[in-house]
Amino acid sequence: MKRLPPLNALRAFATAAQTGSFTKAGELLHVTQGAISRQVKMLEQHLDTRLFERAHQSVSLTPAGQALSDALLNAFGHIEEAVEKARQTPARQMLNINAPPTFATRWLAPRLSDFRSQYPFIDLSITTDRIQTLKSARQHDCLVFFDQAPWPDLACQRLMQEHHIMACSPSLWHGNQPPKLVKATLLHILDGDKRLPVWEQWDLHFGLSGVDTQGGLHFSTLDQAINASIAGAGILVVDQTMIIQELQSGLLKRFDDRELMGPQAYWFAEITQNSQQKELVTTFRTWLMKQLSLSDTRAMELDELSLSPD
């Protein structure tokens with residue numbers, strides 16, 4: 001790359017060319033008339049050509065000076081535009097979120113393209129660690145957690161309650177008849193070293209005569225159980241919100257119109273104490289609540305579709 005003249009000399013020349021006066025150029029740039037004259041002379045020496053015709057009380061551009069002035073006016077305009085864009089472009093920021101595995105995989109992940117399109121300069125780090133204490137939560141800016149009640153030491157907001165239905169693969173149906181529960185394999189979800197009692201709650205509420213609610217297949221995450229159910233491994237009592245796409249596509253099918261609100265819910269909690277990160281958490285929570293509202297509408301439409309007569 002060829003060596004360019006000093007930027008100060010170019011700016012002094014361009015200002016003098018626009019005003020037609022070294023004195024006025026000095027006033028605009030907050031320097032003396034002599035300083036402008038020296039910068040212009042330095043530029044002429046660098047280019048080995050005269051840029052101004054100097055008279056006693058005035059200066060005028062030479063043809064070379066006019067050509068350079070026109071080019072610099074355009075160039076400085078582009079520079080100012082680029083600087084303004086850079087000034088308005090927010091710095092990239094990172095928000096650390098921890099969420100339950102199935103919520104992250106089945107509910108959150110399909111919606112992240114929408115978040116990205118609205119907030120392209122907010123990067124998300126999403127983990128699915130098993131958080132059981134406030135101390136272990138401190139490494140995250142915010143949490144989505146699954147529990148029966150909010151944590152007592154946190155300001156929590158309930159996102160959505162479990163909405164249980166019974167579903168399985170259409171491959172297990174016999175024509176228009178669902179499989180017999182007494183002969184079916186039940187799918188269970190583990191919570192640590194315990195099993196979530198969703199089948200026991202269903203039995204308590206609706207009654208499952210002759211069904212062994214203890215036996216079946218056990219999975220460490222709801223997502224695993226859903227995938228097994230899609231493959232025809234068994235029958236699932238599941239939060240409808242997590243299988244909306246599968247119900248719409250026909251990969252899973254509801255047994256009937258029975259449904260039961262589960263005892264557990266998804267909760268949102270802000271963890272960070274950093275003021276800048278708090279702003280990011282607020283942005284994410286606002287977006288999250290809007291998505292939940294859209295999800296509720298979609299679930300109601302699905303109820304009407306799946307329960308309407310053929």
Side-chain angles (χ1 to χ4, degrees), residues 97-110 126-133 136-137 143-151 156 158-172 178-179 181-208 211-249 251-256 258-269 292 295 299 302:
I97 306 161
N98 194 81
T102 302
F103 180 91
T105 301
R106 291 189 163 269
W107 193 93
L108 183 58
I126 302 171
T127 56
T128 57
D129 300 332
R130 182 174 170 80
I131 304 296
Q132 294 181 295
T133 66
S136 61
L143 300 178
V144 175
F145 63 93
F146 185 64
D147 210 332
Q148 293 191 24
W151 288 9
C156 301
R158 185 167 61 182
L159 299 177
M160 55 185 174
Q161 195 79 20
E162 285 185 297
H163 189 109
H164 284 149
I165 62 172
M166 191 161 53
C168 71
S169 169
S171 65
L172 298 183
L181 286 177
V182 291
K183 298 180 179 179
T185 299
L186 307 188
L187 306 183
H188 303 276
I189 303 97
L190 299 172
D191 181 21
D193 57 353
K194 297 180 181 179
R195 178 169 54 82
L196 293 176
V198 290
W199 277 106
E200 286 80 0
Q201 292 161 3
W202 193 269
D203 183 25
L204 182 65
H205 193 82
F206 295 113
L208 296 174
V211 176
D212 177 14
T213 59
Q214 303 295 315
L217 303 177
H218 298 70
F219 301 89
S220 61
T221 68
L222 174 58
D223 189 52
Q224 293 172 348
I226 292 172
N227 287 330
S229 183
I230 292 171
I235 302 170
L236 195 63
V237 169
V238 59
D239 182 4
Q240 176 180 268
T241 307
M242 296 302 153
I243 59 167
I244 285 179
Q245 292 184 347
E246 287 74 18
L247 291 172
Q248 288 182 326
S249 66
L251 289 174
L252 289 176
K253 187 174 181 179
R254 288 184 64 160
F255 262 57
D256 47 40
R258 292 182 297 178
E259 54 189 48
L260 180 65
M261 297 302 291
Q264 304 204 85
Y266 292 93
W267 303 82
F268 184 89
L292 284 164
S295 181
L302 180 60

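Every heavy atom of this structure was used, including side-chain atoms; hydrogens, water molecules and symmetry mates were not.
- Under the 4.5 Å side-chain criterion, counting only non-hydrogen atoms from C-beta, L143 is in contact with I131.
- Side-chain N or O atoms of T185 include none that pairs as donor or acceptor with a backbone N or O of G216 at under 3.5 Å.
- In this structure a side-chain-to-backbone donor-acceptor pair under 3.5 Å is missing from D203 to W199.
- Contact check for Q201 versus V237: no side-chain heavy atoms found under the 4.5 Å cut-off.
- Applying the side chain to side chain donor-acceptor pair (under 3.5 Å) criterion to S136, with sequence neighbours excluded, gives T133.
- Side-chain contact between I189 and L236: present, with at least one pair of heavy atoms (C-beta onward) separated by less than 4.5 Å.
- Atoms CG and OG, from D193 and S220 in turn, are 13.0 Å apart once rounded to the nearest 0.5 Å.
- Listed by chain and number, the residues in a side chain to side chain donor-acceptor pair (under 3.5 Å) with D129 amount to none (sequence neighbours excluded).
- Not a single donor-acceptor pair under 3.5 Å links the side chain of S169 to the backbone N or O of L172.
- Here the straight-line distance linking atom CG of L108 with atom CD1 of I126 works out to 4.5 Å at 0.5 Å rounding.
- Qualifying side chain to side chain donor-acceptor pair (under 3.5 Å) partners for T105, counting only residues two or more places apart in sequence or in other chains: none.
- Checked against the 6.0 Å centroid threshold, F146 and F103 do not count as a close aromatic pair.
- Annotation: side chain of M166 is not in contact with side chain of P178 (no heavy-atom distance under 4.5 Å).
- Panel note: side chain H188, backbone G215; a donor-acceptor pair is recorded below 3.5 Å.
- Of all heavy-atom pairs spanning G234 and S229, the tightest one is O-OG, 3.4 Å.
- For D239 (side chain) and H163 (main-chain N/O), a donor-acceptor pair under 3.5 Å exists by modelled atom type.
- Atom CD1 of I243 is separated from atom OG1 of T102 by 12.0 Å, given to the nearest 0.5 angstrom.
- Residues forming a salt bridge (Lys or Arg N to Asp or Glu O under 4.0 Å) with E246 (at least two apart in sequence, or on another chain): R106.
- Scored by the salt bridge (Lys or Arg N to Asp or Glu O under 4.0 Å) test, R158 finds no partners at all (sequence neighbours excluded).
- The ring-ring contact (aromatic ring centres under 6.0 Å, His included) pairs that include a residue from residues 223-247 number zero, where partners must be two or more places apart or lie in different chains.
- When each of E162, H164, R254 is tested with Q240 by the rule side-chain hydrogen bond (donor to acceptor under 3.5 Å, both in side chains), just one qualifies, namely R254.
- The side-chain heavy atoms of Q161 and T241, taken from C-beta on, include no pair separated by under 4.5 Å.
- Taking the centre of each ring, W151 and F145 come in below the 6.0 Å mark.
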